[in-house]
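See structure below.
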Amino acid sequence: MEQQKLLINGERLKNTLEQFANFGRTENNGVTRLSLSEEDRLARNYFCSCCEKLDMSIKIDDMGNIYATLEGIEDRPPIVIGSHLDTVKNGGRFDGVLGVVAGLEVVRTLLENNIKPLIPLMIVNFTNEEGARFEPSLMGSGVLSGKFEKSVMLQKTDADGITFAEALHSIGYAGKEEARLKEATAFLELHIEQGPILERESCSIGIVECVVGMVCYEIEVSGESDHAGTTPMDMRKDALFAANNLITEVRQKMSVLDNELVYTIGRMNVFPNIHTVIPNKVVFTLEARHKNPAIIKQVEEIIQGLAQSSCTEGCEIKTKKLWERDTVWFNNQICDLLEQSTKKLGYSYKRMVSGAGHDAQFIASYIPTAMVFVPSINGKSHSEDELTTWEDCEKGVNVILETVLAMQKNFKS
């Protein structure tokens with residue numbers, strides 16, 4: 001394992017990514033490959049055929065997660081590389097699949113250089129990361145990590161009433177529970193950033209230290225409906241005016257907490273939603289994300305204090321927490337190895353956080369885990385406009401390769 005600056009084949013990486021994009025390619029060069037669809041079946045088949053050509057053994061577990069393993073010299077828990085092959089509707093060519101193809105390209109590069117790894121290498125495709133057809137997202141890794149109950153997940157249905165279990169069997173990828181990933185030396189996930197930070201800071205690589213915590217509340221504003229033309233302004237209890245005041249108040253208070261805090265009013269429903277009637281109820285969501293739980297706590301205090309606001313227009317305010325998640329910190333030893341690899345390769349980089357969720361956040365609960373980001377042009381993702389340069393894709397995979405080589409020599413799990 002004395003190879004220095006071993007590099008992947010960038011043209012082969014590009015061709016493989018484009019081949020995967022053919023399974024569900026849209027008119028505008030995006031991809032629609034919903035989990036357990038016919039397009040997903042074809043992509044899975046192609047992935048398995050690529051692995052078989054590399055003499056990798058393939059196993060499929062009871063959630064349809066696929067594992068391809070290259071035997072190592074020693075019988076040790078594998079170094080796992082992977083992500084997901086499913087997309088959202090009219091998604092892009094890079095989200096998820098880049099992390100799977102990274103594993104393929106690492107194995108191909110080792111084999112063509114006659115390098116047999118000391119520690120076995122495994123490539124994984126997690127089922128239903130996106131949650132675009134079957135909710136929730138991160139389903140395959142969620143069951144593996146004990147976050148979700150298998151029996152509940154199998155009964156989830158799509159828009160046509162088809163259950164996850166039915167769809168899984170229909171594409172021929174229902175495997176056995178004993179095939180599940182139970183232990184590993186490390187898990188590495190390469191992913192596009194899905195945001196604008198790396199591009200803005202002219203960095204090719206992001207060393208991801210954590211997936212940030214988040215909280216989501218539903219806020220209900222109740223007023224009174226009256227005629228829009230006959231009710232004087234000073235006699236109204238307009239729920240929409242009150243909601244607008246509350247949103248302004250929230251923005252003013254949250255804007256001074258921390259410059260890394262992000263928050264979104266993502267859904268708003270107005271009742272009765274008739275132009276001649278004063279709104280009597282508004283329900284909206286407020287979601288906030290930050291790595292520091294103390295900041296999230298301050299956010300919650302602001303939201304919970306809205307009921308006592310002085311700008312409610314005489315309306316009643318109720319707040320309800322819908323859900324939350326804690327910040328998931330990745331393995332610092334692996335993050336350091338990724339940074340060392342990036343420096344060795346001479347790539348520009350920064351250590352950063354992920355605001356979006358990934359399979360890695362669940363796998364990190366029982367396997368040493370870290371992530372690498374590569375830039376998304378204009379921060380675009382989950383759309384046909386999603387684009388990462390081939391050069392940056394290649395750099396990301398090279399960082400994974402260099403880190404795998406370093407782990408083969410030095411890593412202690």
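Small disclaimer: the values here were computed from a predicted structure and weren't measured.
Of the possible polar contacts, none joining the Glu339 side chain to the Ile207 backbone as a donor-acceptor pair under 3.5 Å is found. With hydrogens and angles ignored, the 3.5 Å screen pairs no side-chain donor or acceptor of Thr264 with any backbone N or O of Gly266. Distance alone, capped at 3.5 Å, places no donor-acceptor pair between the Ser141 side chain and the Ile363 backbone. With Thr388 contributing its side chain and Ile192 its backbone, the two residues share no donor-acceptor pair below 3.5 Å. Side chain of Tyr67 to main chain of Leu181: a donor-acceptor pair is present (N/O by atom type, distance under 3.5 Å, no hydrogens or angles). Looking at Thr87, its side chain does come within 3.5 Å of a backbone N or O of Arg33 through a donor-acceptor pair. Counting only distance, with no hydrogens or angles, the side chain of Asn15 and the backbone of Glu11 share a donor-acceptor pair below 3.5 Å. Although no hydrogens or angles enter the test, the distance criterion places no donor-acceptor pair under 3.5 Å between the side chain of Asp160 and the main chain of Ile162. Counting only distance, with no hydrogens or angles, the side chain of Glu386 and the backbone of Phe94 share a donor-acceptor pair below 3.5 Å. Proximity of a side-chain donor or acceptor of Glu199 to a complementary backbone N or O of Asn378 within less than 3.5 Å is detected.
A side-chain N or O of Ser83 and one of Glu189 form a donor-acceptor pair less than 3.5 Å apart. A donor-acceptor pair shorter than 3.5 Å can be found between the side chains of Tyr347 and Asn398. Glu129 and Ser137 share no donor-acceptor pair across their side chains, judged by distance under 3.5 Å alone. Side-chain polar atoms of Thr163 and Gln155 form no donor-acceptor pair below 3.5 angstrom. No side-chain donor-acceptor contact under 3.5 Å links Asn125 and His84. Side-chain atoms of Ser376 and Glu193 form no donor-acceptor pair, as typed in the model, at a separation below 3.5 Å. Of the N and O atoms on the side chains of Glu287 and Tyr263, not one donor lies less than 3.5 Å from an acceptor on the other residue. For Gln194 and Asp95, the side-chain atoms include at least one donor-acceptor pair closer than 3.5 Å. For Ser37 and Glu39, the side-chain atoms include at least one donor-acceptor pair closer than 3.5 Å. No side-chain donor from either of Arg93 and Thr26 sits under 3.5 Å from a side-chain acceptor of the other.
Here the CG-CG distance, from Asp86 to Leu34, works out to 8.0 Å after rounding to the nearest 0.5 Å. One distance of note links CD1 of Ile119 with CD of Glu71; it measures 14.0 Å at 0.5 Å rounding. Atom CD1 of Ile317 sits about 14.5 Å away from atom CD of Gln304, to the nearest 0.5 Å. Going from atom NZ of Lys281 over to atom CD of Glu316 covers 11.0 Å, rounded to the nearest 0.5 Å. For the atom pair OG (Ser57) and CD (Glu52), the distance works out to 10.5 Å, reported to the nearest 0.5 Å. Interatomic distance, Leu36 CG to Leu168 CG, rounded to the nearest 0.5 Å: 5.5 Å.
Lys176 and Asp61 are not joined by a salt bridge, as no carboxylate oxygen comes within less than 4.0 angstrom of a charged side-chain nitrogen. Residues Glu112 and Arg12 are paired through a salt bridge, judged by an N-O separation under 4.0 Å between the basic side chain and the carboxylate. Ion pairing between a basic and an acidic side chain is recognised when a charged N comes within 4.0 Å of a carboxylate O; Asp158 and Arg133 show such pairing. By the 4.0 Å N-to-carboxylate-O rule, Glu135 lies too far from Lys156 to be salt-bridged with it. Taking the charged nitrogens against the carboxylate oxygens, Glu220 and Lys320 have no contact shorter than 4.0 Å, which rules out a salt bridge.
For Phe187 and Phe126, the gap between ring centers is short of 6.0 Å. Remark: aromatic rings of Phe373 and His358 are close, center separation under 6.0 Å.
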Run Met407 and Ile334 through side-chain contact (heavy atoms from CB on, under 4.5 Å) and show every step you take. CA-CA 9 Å; Met407 285 182 173; Ile334 302 179; 3.7 Å; yes

Stepwise side-chain hydrogen bond (donor to acceptor under 3.5 Å, both in side chains) test for Glu249 and Ser309: CA-CA 9 Å; Glu249 181 177 329; Ser309 173; 2.6 Å; yes

Criterion side-chain contact (heavy atoms from CB on, under 4.5 Å) on Ile66 and Cys48, from CA distance to verdict: CA-CA 8 Å; Ile66 305 173; Cys48 290; 4.1 Å; yes

Evaluate Thr342 against Arg351 for side-chain hydrogen bond (donor to acceptor under 3.5 Å, both in side chains), listing each step before the verdict. CA-CA 11 Å; Thr342 306; Arg351 292 180 79 126; over 6 Å; no

Could you go step by step and tell me if Ser204 and Tyr349 meet the side-chain contact (heavy atoms from CB on, under 4.5 Å) rule? CA-CA 6 Å; Ser204 293; Tyr349 75 96; over 6 Å; no

Can you check side-chain hydrogen bond (donor to acceptor under 3.5 Å, both in side chains) on Ser151 and Glu149, steps first, answer last? CA-CA 6 Å; Ser151 59; Glu149 288 288 337; 4.7 Å; no

Should Arg289 and Thr327 be marked as a side-chain hydrogen bond (donor to acceptor under 3.5 Å, both in side chains) after you check the CA-CA gap, both sets of side-chain angles, and the distance that decides it? CA-CA 9 Å; Arg289 307 187 187 207; Thr327 295; over 6 Å; no

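Inter-residue side-chain proximity for Val221 and Val283 is flagged as unmet; no heavy-atom pair is nearer than 4.5 Å. Residues Leu13 and Cys393 are in side-chain contact: their nearest non-hydrogen atoms beyond the backbone lie under 4.5 Å apart.
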Donor-acceptor pairs under 3.5 Å, side chain of residues 292-302 to any protein atom, not counting sequence neighbours: which ones?
| residue | atom | partner | partner atom | Å |
| --- | --- | --- | --- | --- |
| Asn292 | OD1 | Ala294 | N | 2.9 |
| Glu300 | OE1 | Tyr217 | OH | 2.5 |
| Glu300 | OE1 | Lys321 | NZ | 2.9 |

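Within 6.0 Å of atom CG in Asn45, more than 12 heavy atoms from other residues, nucleotides or ligands are found, so the atom counts as buried in its surroundings.
Within the structure, every pair that satisfies the side chain to side chain donor-acceptor pair (under 3.5 Å) test and touches residues 234-248, not counting sequence neighbours, is listed here: Asn245-Glu313. Sequence neighbours left out, the pairs with a member in residues 21-30 that pass salt bridge (Lys or Arg N to Asp or Glu O under 4.0 Å) are Glu18-Arg25.
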